[in-house]
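These notes are about the structure you will find just below.
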Amino acid sequence: MTVEQPVGTEGIRAGARVKRARSRRRRLIGGALALIVIVAVFVNLLPRIASYSSVLDVLGSLEPEWIAALAGIAILNTATFGPPWMAAMRGLNYQRSMVLTQTSTALASAIPGGDAVGIAVSWAMLRGWGFDQHAVAVAVLLTGVWNQVTNVLLPAAALVLLTITGETQPLLATASVLGLIVMTLVVGVLVAVLWGEQQARWVGELICRIASRALRLFGKPPLTGIGDAFVEFRKQTIHVLRKRWHVLTIATIVGHLTVFGVLLVALRACGVDSSHVNWIEALAAWGLIRLLTAVPITPGGIGIVELGLSAALVGFGGQDARVVAAVLIYRALTFLPPVVLGAILGLTWRRHRLPDPA
């Protein structure tokens with residue numbers, strides 16, 4: 001018995017080393033594939049839509065008033081990151097909300113994993129500031145669900161408007177239907193949890209059983225107490241929604257629309273007027289790409305968004321070079337500010353802890 005214990009311990013350690021090695025290998029392969037995609041897009045595919053020299057000509061002809069408008073809408077967009085979290089997380093002020101959102105967005109944009117990375121960072125920061133874990137879980141879920149629902153409803157609204165105006169977009173229709181199905185499932189689970197304590201405990205125990213079976217495959221102990229946790233989660237979620245659902249909804253929609261506003265101003269600044277691509281078509285193209293890039297292939301969708309959005313807008317009638325110039329401006333103004341601010345604010349986030357209770 002005394003001889004077998006070290007052997008067993010060494011076996012567990014060896015298994016852990018193998019898992020870490022496999023995880024590193026997967027990350028390296030994923031990073032290499034993402035880099036290949038990015039290089040292929042910017043070196044080969046995007047120049048086929050418009051040459052970079054013609055794009056530079058468009059950028060060089062931007063008028064000062066449009067540059068000011070672009071700066072204004074970019075600042076407004078950045079300023080709308082925090083309010084949805086303030087609505088979902090009681091006690092989170094605007095300053096902390098901006099530190100939270102800019103840091104999590106920066107890491108989610110720079111590291112493969114997308115929203116999963118952002119959620120993990122948001123959880124860690126809020127817990128590090130001293131917020132209750134149940135309140136953090138509620139805030140993470142509500143902001144995530146509200147974001148995903150808005151991501152689906154805006155393209156669906158654009159599809160309806162396109163249909164009314166006599167245009168068809170089969171790919172948008174397909175993506176919207178799939179998005180609505182996923183959204184219905186997510187909202188259905190949330191409604192089931194909120195319906196009553198018995199339903200909340202049942203959903204929690206079901207998730208517990210599924211997760212425990214998965215953990216058993218890796219030699220991990222089963223989860224316990226999830227049913228009670230879901231009951232407590234239900235209570236706090238109802239409390240938040242009863243008081244602030246409307247604020248959360250408005251803040252989320254405004255935040256998404258300011259992102260679209262950056263694209264629309266960029267199009268007009270680059271000379272793509274409504275006779276070429278109207279706002280409904282721009283919304284449809286923008287919403288379609290956001291649906292298609294919900295699962296990140298590259299960090300922050302770099303390359304995929306630029307290529308897909310440019311192709312969609314050109315397909316609606318935009319002039320090649322002007323569209324590509326507008327898309328590159330849009331991406332720069334929505335991608336770079338959170339990355340730069342997040343890198344700066346992320347260094348100071350520990351200074352924003354909640355004050356100790358008196």
Side-chain angles (χ1 to χ4, degrees), residues 77-109 113-153 183 186-195 197 200 203-204 207 225-256 258-259 294 338 341-342 345-346 348-357:
N77 173 51
T78 302
T80 62
F81 276 59
W85 280 91
M86 295 171 64
M89 183 82 251
R90 184 179 180 183
L92 185 68
N93 61 24
Y94 185 71
Q95 183 182 23
R96 290 194 193 99
S97 74
M98 290 301 292
V99 174
L100 173 75
T101 55
Q102 298 304 301
T103 304
S104 60
T105 302
L107 290 174
S109 300
D115 289 343
V117 173
I119 291 172
V121 172
S122 299
W123 178 280
M125 290 180 69
L126 288 169
R127 291 292 291 135
W129 283 336
F131 285 101
D132 174 73
Q133 64 177 350
H134 293 295
V136 173
V138 170
V140 168
L141 177 74
L142 291 182
T143 53
V145 170
W146 257 244
N147 272 319
Q148 294 309 313
V149 168
T150 306
N151 265 341
V152 172
L153 291 183
M183 183 194 75
V186 172
V187 173
V189 172
L190 180 60
V191 170
V193 171
L194 298 180
W195 194 262
E197 288 191 5
V203 172
I207 293 175
I226 301 299
D228 292 336
F230 266 67
V231 172
E232 178 62 27
F233 169 81
R234 171 185 175 272
K235 292 178 181 178
Q236 295 205 27
T237 302
I238 290 175
H239 178 74
V240 172
L241 290 179
R242 182 178 290 130
K243 291 190 173 183
R244 297 194 290 275
W245 71 269
H246 55 296
V247 179
L248 175 61
T249 301
I250 294 171
T252 302
I253 293 174
V254 169
H256 283 251
T258 58
V259 180
L341 285 174
L345 296 175
T348 67
W349 75 272
R350 291 187 181 277
R351 302 178 186 175
H352 300 273
R353 285 182 57 86
L354 294 176
D356 295 329

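Numbering starts at 1 and runs along the sequence shown. Only heavy atoms go into these numbers, but all of them, side chains included; no hydrogens, no water, no symmetry mates.
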(message) Quick check on side chain to side chain donor-acceptor pair (under 3.5 Å): which of T150, N77, N147 does H256 satisfy it with?
(response) N147

(request) Supply the atom-to-atom distance T143 OG1 to L100 CG, rounded to the nearest 0.5 angstrom. (result) 8.5 Å

(request) Go through the steps to decide whether T258 and T80 satisfy the test side-chain hydrogen bond (donor to acceptor under 3.5 Å, both in side chains), and finish with yes or no. (result) CA-CA 8 Å; T258 58; T80 62; 3.2 Å; yes

(message) Quick check: closest heavy atoms across V247 and A87, and the distance to 0.1 Å?
(response) CG1-CB, 3.9 Å

(message) Atom CZ of residue position R90 - does it have more than 12 heavy atoms of other residues, nucleotides or ligands inside 6.0 Å?
(response) no

(request) Grab the two heavy atoms, one from L248 and one from A88, that are nearest each other, plus how far apart they are. (result) CD1-CB, 4.5 Å

(request) Side-chain contact test, heavy atoms from C-beta onward, threshold under 4.5 Å: evaluate it for D132 versus Q236 and give yes or no. (result) yes

(message) How long is the straight-line distance from CE of M86 back to CD of Q95, given to the nearest 0.5 Å?
(response) 11.0 Å

(request) Look up atom NE2 in H134 and atom OG1 in T237, then write down how far apart they are to the nearest 0.5 Å. (result) 11.0 Å

(message) Using side-chain heavy atoms (C-beta onward) and a distance below 4.5 Å, is Q148 in contact with V152?
(response) no

(request) Take W85 and V140 through the side chain to side chain contact (heavy atoms under 4.5 Å, CB included) test and state the conclusion after the steps. (result) CA-CA 8 Å; W85 280 91; V140 168; 3.9 Å; yes

(message) Strictly distance-based, threshold 3.5 Å: is any side-chain N or O of T105 a donor or acceptor partner for the main-chain N or O of Q102?
(response) no

(request) Evaluate the side chain to side chain contact (heavy atoms under 4.5 Å, CB included) criterion for residues H246 and T249: first the C-alpha distance (whole Å), next the side-chain angles of each, then the deciding distance (0.1 Å), finally the verdict. (result) CA-CA 5 Å; H246 55 296; T249 301; 5.6 Å; no

(message) Go through it in stages, so that I can follow the logic: the residues are L153 and I253, the test is side chain to side chain contact (heavy atoms under 4.5 Å, CB included), and I'd like the CA-CA distance, side-chain angles, deciding distance and then a yes or no.
(response) CA-CA 10 Å; L153 291 183; I253 293 174; over 6 Å; no

(request) Grab the two heavy atoms, one from W245 and one from W146, that are nearest each other, plus how far apart they are. (result) O-NE1, 4.2 Å

(request) Could you pull out the closest heavy-atom pair between S104 and G118, with the gap in Å? (result) CB-O, 3.7 Å

(message) Using side-chain heavy atoms (C-beta onward) and a distance below 4.5 Å, is L142 in contact with M89?
(response) no

(request) Would you mind reporting whether P338 and F81 have side-chain heavy atoms less than 4.5 Å apart? (result) yes

(request) Step by step, work out the side chain to side chain contact (heavy atoms under 4.5 Å, CB included) result for V99 and W129. (result) CA-CA 12 Å; V99 174; W129 283 336; 4.0 Å; yes

(request) Considering non-hydrogen atoms only, spot the tightest contact between G342 and A106 and give its length. (result) CA-CB, 3.8 Å

(request) Determine the minimum heavy-atom distance between V136 and L126, stating which atoms define it. (result) CG2-CB, 3.7 Å

